K.L.:
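What follows is a structure written as structure tokens; I'll ask about it next.
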Amino acid sequence: MSERIPPILLVGLGRMGGAMLSGWREQGFAPSVAVDPVAGSAYRGADLAVVSDAAAIPAGFAPAAVVFAVKPQTAAEALPAYRRFAGQAVFLSIMAGRTLGGIRALLGDAQVVRAMPNTPAAVRQGVTVACPGPGVTAAQRALCDRLLQAIGVVAWVDDEGLLDPVTAVSGSGPAYVFLLAELLEEAARAQGIPPDLARLLARQTVSGSGALLAASPEDSAALRRAVTSPAGTTERALGVLMAPDAWPLAINRAIAAATARSRELAG
Ligand SMILES: NC(=O)c1ccc[n+]([C@@H]2O[C@H](COP(=O)([O-])OP(=O)(O)OC[C@H]3O[C@@H](n4cnc5c(N)ncnc54)[C@H](OP(=O)(O)O)[C@@H]3O)[C@@H](O)[C@H]2O)c1
């Protein structure tokens with residue numbers, strides 16, 4: 001049964017926009033209009049009109065939220081067409097690096113929420129950090145929260161500067177976990193494990209450990225200690241990985257580098 005939700009306009013039906021739409025549909029959110037130059041037919045449905053550009057939005061459609069899920073480099077070209085909804089709608093942007101100030105410069109004196117999701121959103125297991133801009137009402141914030149919860153867990157911050165380290169940790173973070181799976185697979189092969197089995201072991205170890213972490217009330221250090229018998233194999237491996245110049249240094253440097261890059265890209 002469809003849940004009552006105000007009309008939503010979704011701009012950009014790529015990976016993230018498509019994931020959000022799927023999440024809303026699972027929760028029965030309707031109706032909506034989406035704008036995308038090419039991706040329309042895959043998503044069109046009774047609950048959703050898909051049009052190819054802003055000029056084709058049905059006359060009289062009055063969204064309570066306009067969600068920007070286009071690439072950041074498209075913003076300057078795409079966003080001004082939606083100025084006409086400023087004042088009535090909250091604008092929810094998931095564009096990496098596009099600041100509240102930069103978005104407001106394109107939309108006029110608009111109420112904007114900036115959010116940073118991550119790709120596990122595609123399986124409703126994302127984490128999104130959201131930051132409200134000036135003038136966003138409690139009701140608008142609650143609406144954005146509902147829209148983002150459809151793709152996973154949501155946290156709110158008031159300090160927009162935190163979105164740079166957030167981007168480094170959770171926005172880019174899935175790539176680090178996938179890299180771990182790649183390296184485990186390669187190392188397994190190097191030890192003589194056949195390729196198919198190496199792939200299975202690496203994938204299932206990463207995804208199973210994630211599921212165990214999600215299901216456990218214990219923190220990750222406790223779960224790690226639970227696998228580590230004194231003088232055993234895990235302890236020997238962790239002695240390599242946890243040496244001060246190994247993972248602790250590499251992870252800190254990686255997060256600092258990504259944070260710095262996010263600051264460079266901001267605009
Ligand atoms: N993927 C991630 O890990 C991640 C994480 C956090 C945040 N984000 C942010 O999410 C946003 C979307 O990323 P994505 O990976 O979903 O990108 P994507 O797959 O390229 O999706 C963007 C979609 O917008 C469409 N589009 C282009 N110009 C448009 C316009 N003027 N009006 C309406 N739609 C337009 C694109 O169509 P065409 O393909 O025809 O150009 C495409 O279907 C980005 O700003 C990104 O920074 C992504």
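Since the structure is predicted, the reported quantities are computational estimates derived from the model, not experimental observations. Whatever order the structure lists them in is the order used to number ligands and atoms, beginning at 1.
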K.L.:
Given that the side chain starts at C-beta and the backbone is N, CA, C, O, which of these parts of Arg98 lies under 4.0 Å from ligand 1, counting heavy atoms, or is it both or neither?
P.N.:
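It is neither; nothing of Arg98 touches ligand 1.
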
K.L.:
Under 4.5 Å between side-chain heavy atoms, counting indirect links through other Ile/Leu/Val/Met/Phe/Trp/Tyr residues: same cluster for Val127 and Val169 or not?
P.N.:
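They do not share one cluster, since no chain of ILVMFWY contacts under 4.5 Å joins Val127 to Val169.
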
K.L.:
Nearest protein heavy-atom contact for atom 19 (O) of ligand 1: which residue, which atom, what distance?
P.N.:
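Ranking protein heavy atoms by distance from atom 19 (O) of ligand 1, first comes Arg15 N, 3.0 Å.
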
K.L.:
I need the Thr205 OG1 to Leu212 CG distance, nearest 0.5 Å.
P.N.:
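Going from OG1 on Thr205 over to CG on Leu212, the span is 12.0 Å.
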
K.L.:
Any N/O of Met16 closer than 3.5 Å to an N/O of ligand 1?
P.N.:
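There is such a contact, yes.
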
K.L.:
Strictly distance-based, threshold 3.5 Å: is any side-chain N or O of Gln140 a donor or acceptor partner for the main-chain N or O of Thr137?
P.N.:
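Checking the backbone N and O of Thr137 against the side chain of Gln140, a donor-acceptor pair under 3.5 Å is found.
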
K.L.:
Considering only the protein, which heavy-atom contact is closest to atom 33 (C) of ligand 1, and what is its distance?
P.N.:
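Scanning the protein heavy atoms, the shortest distance from atom 33 (C) of ligand 1 goes to Val35 O, 3.3 Å.
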
K.L.:
Identify the protein heavy atom lying closest to atom 21 (O) of ligand 1, giving its residue, its atom name and the separation to 0.1 Å.
P.N.:
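Minimum-distance protein heavy atom for atom 21 (O) of ligand 1 reads Gly14 CA, 3.2 Å.
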
K.L.:
Is atom 41 (O) of ligand 1 near the protein, in the sense that some protein heavy atom lies at less than 4.0 Å from it?
P.N.:
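Neighbour list for atom 41 (O) of ligand 1 is empty of protein heavy atoms (cut-off 4.0 Å).
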
K.L.:
Backbone, side chain, both or neither: what part of Leu13 comes under 4.0 angstrom of ligand 1, heavy atoms only?
P.N.:
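Just the backbone.
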
K.L.:
With heavy atoms only and a cut-off of under 4.0 Å, state how Pro117 meets ligand 1: side chain, backbone, both or neither.
P.N.:
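It is both parts that get close, each with some atom under 4.0 Å.
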
K.L.:
Quick one: look at Asp36 and ligand 1, take heavy-atom pairs under 4.0 Å, and tell me if it's side chain, backbone, both or neither.
P.N.:
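Near ligand 1, Asp36 shows its backbone as well as its side chain.
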
K.L.:
Which heavy atom of the protein is the closest neighbour of atom 26 (N) of ligand 1, given with residue, atom name and distance?
P.N.:
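Heavy-atom neighbour on the protein nearest atom 26 (N) of ligand 1: Pro37 CD, 3.6 Å.
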
K.L.:
Within the 4.0 Å heavy-atom shell around Thr74, which atoms of ligand 1 are there?
P.N.:
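Heavy-atom distances to Thr74 below 4.0 Å select 28 (N).
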
K.L.:
Please list the nearest protein heavy atom to atom 31 (N) of ligand 1 with its residue and the distance rounded to 0.1 Å.
P.N.:
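I find the closest protein heavy atom is Ala78 CB, 3.5 Å.
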
K.L.:
Relative to the ring of Phe68, is the ring of Phe91 parallel (under 30°), tilted (30 to 60°) or perpendicular (over 60°)?
P.N.:
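Phe91 and Phe68: parallel rings.
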
K.L.:
Using a strict 4.0 Å cut-off to heavy atoms of Pro72, name the atoms of ligand 1 that fall inside it.
P.N.:
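Answer for ligand 1: 44 (C), 45 (O), 47 (O).
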
K.L.:
Compute the shortest N/O to N/O distance between Val70 and ligand 1 and return yes if it is under 3.5 Å, no if not.
P.N.:
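In this structure, Val70 places an N or O atom under 3.5 Å from an N or O of ligand 1.
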
K.L.:
Quick one: CG on Leu9 to CG on Leu92, what's the gap to the nearest 0.5 Å?
P.N.:
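Result: 11.5 Å between the selected atoms.
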
K.L.:
Counting only N and O atoms by type, is there a donor-acceptor contact under 3.5 Å from the side chain of Thr259 to the main-chain atoms of Ile255?
P.N.:
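Confirmed, Thr259 side chain pairs with Ile255 backbone.
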
K.L.:
Quick one: do Arg261 and Glu264 satisfy salt bridge (charged side-chain N to carboxylate O under 4.0 Å, His left out)? Show the steps, please.
P.N.:
CA-CA 5 Å; Arg261 183 62 179 147; Glu264 281 169 19; 2.6 Å; yes

K.L.:
At what distance is the nearest protein heavy atom to atom 13 (O) of ligand 1, and which residue and atom is it?
P.N.:
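Checking every protein heavy atom, the shortest distance to atom 13 (O) of ligand 1 gives Lys71 NZ, 4.1 Å.
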
K.L.:
So, the side chain of Asn118 versus the backbone of Ser170: is there a donor-acceptor pair under 3.5 Å, distance only?
P.N.:
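Checked: pair present.
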
K.L.:
Would you please say whether a donor-acceptor pair under 3.5 Å links the side chains of Trp24 and Asp47?
P.N.:
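The answer is no; no qualifying pair exists.
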
K.L.:
Just how far is it from atom CE of Met20 to atom CZ of Arg124, taken to the nearest 0.5 Å?
P.N.:
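Rounded to the nearest 0.5 Å, the CE-CZ separation comes out at 10.5 Å.
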
K.L.:
Does a side-chain heavy-atom distance below 4.5 Å link Leu213 with Ser220?
P.N.:
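Result yes, sub-4.5 Å side-chain heavy-atom pair found.
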
K.L.:
So which protein heavy atom does atom 32 (N) of ligand 1 come closest to, and at what separation?
P.N.:
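Sorting protein heavy atoms by distance from atom 32 (N) of ligand 1 puts Val11 CG1, 3.9 Å first.
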
K.L.:
Would you please determine whether Ala69 falls within less than 4.0 Å of ligand 1 on a heavy-atom basis?
P.N.:
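Checking ligand 1 against Ala69, which is what was asked, there is a heavy-atom contact under 4.0 Å.
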
K.L.:
Within the structure provided, determine whether Glu235 and Leu238 are in side-chain contact (heavy-atom separation under 4.5 Å).
P.N.:
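No, too far: nothing below the 4.5 Å cut-off.
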
K.L.:
State, yes or no, whether a side-chain contact exists between Met116 and Thr128 at a heavy-atom distance under 4.5 Å.
P.N.:
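No, their side chains stay 4.5 Å or more apart.
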
K.L.:
Which is it for Ile94 and ligand 1 at heavy atoms under 4.0 Å: side chain, backbone, both or neither?
P.N.:
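It is both parts that get close, each with some atom under 4.0 Å.
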
K.L.:
Closest non-hydrogen protein atom to atom 38 (P) of ligand 1, residue and atom name please, with distance?
P.N.:
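For atom 38 (P) of ligand 1, the nearest protein heavy atom comes out as Val38 CG2, 4.1 Å.
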
K.L.:
Out of all atoms in ligand 1, which are within 4.0 Å of some heavy atom of Thr119? Include the element for each.
P.N.:
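Ligand 1 atoms under the 4.0 Å threshold to Thr119: 1 (N), 2 (C), 3 (O).
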
K.L.:
For ligand 1, find out whether one of its N or O atoms is nearer than 3.5 Å to an N or O atom of Ala96.
P.N.:
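For ligand 1, there is an N or O atom that lies under 3.5 Å from one belonging to Ala96.
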
